[in-house]
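Worksheet for the structure shown next.
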Amino acid sequence: IEKVIEDNITPFLETTLKKCDAYSMEIENLVLNPLSLKGLPTGSSKLDPLLGGIRPGLWVVSGDTGHGKTTFLTWLLWEQALRHVPVMVTSFEQRPIGTVQKLLRCQLGGDFTKVTEQERKQGLQQLGQLPIHILDHYGELEPDKVIESIRYATRRFDIKIALVDHLGFLVRANENRDERQSIELIVRKLATIAVQDNITIMLVCH
């Protein structure tokens with residue numbers, strides 16, 4: 001009877017507890033594949049040691065309005081695209097053309113109004129050859145639509161980094177949830193997708 005019980009026993013709680021040495025194979029795999037411990041280079045030799053590179057997961061970037069969050073992250077994604085890393089950019093606060101302007105400044109190294117029309121066209125053509133995918137939407141959007149778009153871009157274009165700019169355009173309080181609960185739900189969903197799909201999602205918050 002004891003043998004039958006032991007062979008068929010199942011825990012009441014579905015909780016798996018392990019000791020540290022149960023992970024020895026995973027540790028050895030990490031040691032044998034050192035690049036898996038490092039993130040993608042940011043494009044800045046000073047930032048890389050501080051951040052450890054760009055690794056999969058959810059990044060939350062916050063700061064006051066006008067302090068350069070979007071500009072910094074747009075540059076960061078442009079740097080990744082130059083390294084052949086597919087990226088996706090959303091632009092809910094400014095129209096997508098605003099994102100294109102920031103990218104064109106990166107590509108031309110300054111004010112695109114100070115160069116010739118031919119140089120602008122050439123810069124846009126070079127940008128068009130980079131693996132940068134822009135979600136052509138301005139204003140509020142349902143969080144599930146954003147997640148659906150990110151997952152599609154991951155499957156279709158193998159994107160590794162998605163910029164969601166910004167959280168305020170995804171949050172809608174309703175009679176069942178207040179703003180804080182809505183924010184928690186959206187952040188949890190984005191973090192889960194980032195881990196499941198092994199991508200980096202950069203979320204701008206004001």
Side-chain angles (χ1 to χ4, degrees), residues 35-36 38-43 47 51-63 65 68-104 106-107 124 127-174 177 179-206:
L35 291 179
S36 64
K38 295 172 64 177
L40 297 167
T42 61
L47 272 180
L51 300 176
I54 301 172
R55 287 173 280 190
L58 179 65
W59 287 32
V60 177
V61 180
S62 185
T65 301
K69 300 179 297 298
T70 300
T71 300
F72 167 69
L73 292 175
T74 302
W75 165 80
L76 195 60
L77 267 64
W78 173 74
E79 283 283 352
Q80 295 309 301
L82 289 178
R83 290 165 172 74
H84 311 292
V85 176
V87 300
M88 172 183 162
V89 184
T90 67
S91 184
F92 305 132
E93 185 172 30
Q94 59 181 2
R95 291 184 299 121
I97 188 65
T99 295
V100 174
Q101 289 177 55
K102 289 181 187 299
L103 288 166
L104 189 55
C106 291
Q107 189 69 29
L124 283 169
L127 282 172
Q129 293 169 354
L130 295 177
I132 301 172
H133 307 278
I134 300 172
L135 181 62
D136 191 23
H137 181 88
Y138 167 63
E140 291 186 347
L141 190 62
E142 290 291 335
D144 288 343
K145 291 281 187 187
V146 175
I147 290 170
E148 187 179 290
S149 298
I150 292 172
R151 300 201 88 177
Y152 169 77
T154 304
R155 291 190 310 272
R156 179 71 175 82
F157 301 110
D158 196 30
I159 67 150
K160 301 298 181 193
I161 306 170
L163 170 58
V164 178
D165 188 10
H166 65 79
L167 177 63
F169 285 86
L170 307 182
V171 176
R172 291 181 185 162
N174 58 38
R177 279 195 297 270
E179 186 179 61
R180 184 187 60 78
Q181 290 172 321
S182 295
I183 289 171
E184 284 180 3
L185 181 63
I186 293 165
V187 170
R188 194 179 312 121
K189 282 183 175 182
L190 290 172
T192 301
I193 294 308
V195 171
Q196 285 178 348
D197 291 359
N198 196 38
I199 62 172
T200 306
I201 297 178
M202 298 181 175
L203 176 64
V204 176
C205 301
H206 285 184

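- By the 4.5 Å heavy-atom criterion applied to side chains, Leu135 and Phe92 are counted as neighbours.
- Lys189 has its side chain within reach of Asp144: a pair of non-hydrogen atoms, C-beta onward, lies under 4.5 Å apart.
- Here CD1 of Ile54 is found 13.0 Å from CD1 of Ile199. Values are rounded to the nearest 0.5 Å.
- Scanning both residues, Met202 and Leu77, for their nearest heavy atoms gives SD-CD1, 3.8 Å.
- Under the salt bridge (charged side-chain N to carboxylate O under 4.0 Å, His left out) criterion, Arg188 pairs with no residue, sequence neighbours left out.
- Separation of atoms CH2 (Trp78) and CH2 (Trp75) is listed at 9.0 Å; rounding is to 0.5 Å.
- The shortest non-hydrogen separation linking Leu130 to Gln107 is CD1-OE1, 3.9 Å.
- Scored by the side chain to side chain donor-acceptor pair (under 3.5 Å) test, Thr192 finds no partners at all (sequence neighbours excluded).
- For Ser91, the side chain to side chain contact (heavy atoms under 4.5 Å, CB included) partners at least two apart in sequence or on another chain are Gln94, Thr99.
- Taking the side chain to side chain contact (heavy atoms under 4.5 Å, CB included) definition, one finds that Val195 meets it with nothing, sequence neighbours left out.
- Each side chain to side chain donor-acceptor pair (under 3.5 Å) pair with one or both residues in residues 193-206, not counting sequence neighbours, appears once here: Arg151-Asp197.
- Note that the CG atom of Leu185 and the CD atom of Gln181 stand 9.5 Å from one another [nearest 0.5 Å].
- With rounding to the nearest 0.5 angstrom, the CD1 atom of Ile201 is 9.0 Å from the CE atom of Met88.
- The heavy-atom pair separating Ile132 from Val89 by the smallest distance is CG2-CG2, 4.2 Å.
- Sorted by first then second residue, the salt bridge (charged side-chain N to carboxylate O under 4.0 Å, His left out) pairs that include residues 84-103, not counting sequence neighbours, number zero.
- Checked against Leu76 for a side-chain contact (heavy atoms from CB on, under 4.5 Å), the options Thr71, Thr42, Val87 give a single hit: Thr42.
- The salt bridge (charged side-chain N to carboxylate O under 4.0 Å, His left out) analysis of residues 71-90, with sequence neighbours excluded, yields the pairs Glu79-Arg83.
- Annotation: side chain to side chain donor-acceptor pair (under 3.5 Å) contacts of Arg180 (sequence neighbours excluded): Glu184.
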### Task
Check the pair Asp165 / Leu73 against side chain to side chain contact (heavy atoms under 4.5 Å, CB included), numbers first and verdict last.
CA-CA 10 Å; Asp165 188 10; Leu73 292 175; over 6 Å; no
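- Taking the salt bridge (charged side-chain N to carboxylate O under 4.0 Å, His left out) definition, one finds that Glu140 meets it with Arg172, sequence neighbours left out.
- In this view, Lys145 satisfies the side chain to side chain donor-acceptor pair (under 3.5 Å) rule with no residue, not counting sequence neighbours.
- Distance check, rounded to the nearest 0.5 Å: CH2 of Trp59 to CG of Leu203 gives 13.0 Å.
- Among residues two or more places apart in sequence or in another chain, the ring-ring contact (aromatic ring centres under 6.0 Å, His included) test is passed with His133 by Phe157.
- Separating the OG1 atom in Thr90 from the CG atom in Asp136 is a distance of 12.0 Å, to the nearest 0.5 Å.
- Ser62 contributes a side-chain N or O that, together with a main-chain N or O of Cys205, makes up a donor-acceptor pair within less than 3.5 Å.
- Here Lys160 pairs with Asp158 under the side chain to side chain donor-acceptor pair (under 3.5 Å) rule; sequence neighbours left out.
- Between Leu170 and Pro143, the shortest heavy-atom contact is O-CG, 3.3 Å.
- Contact detail for Pro131 and Val85: the closest heavy-atom pair is CG-O, 3.7 Å.
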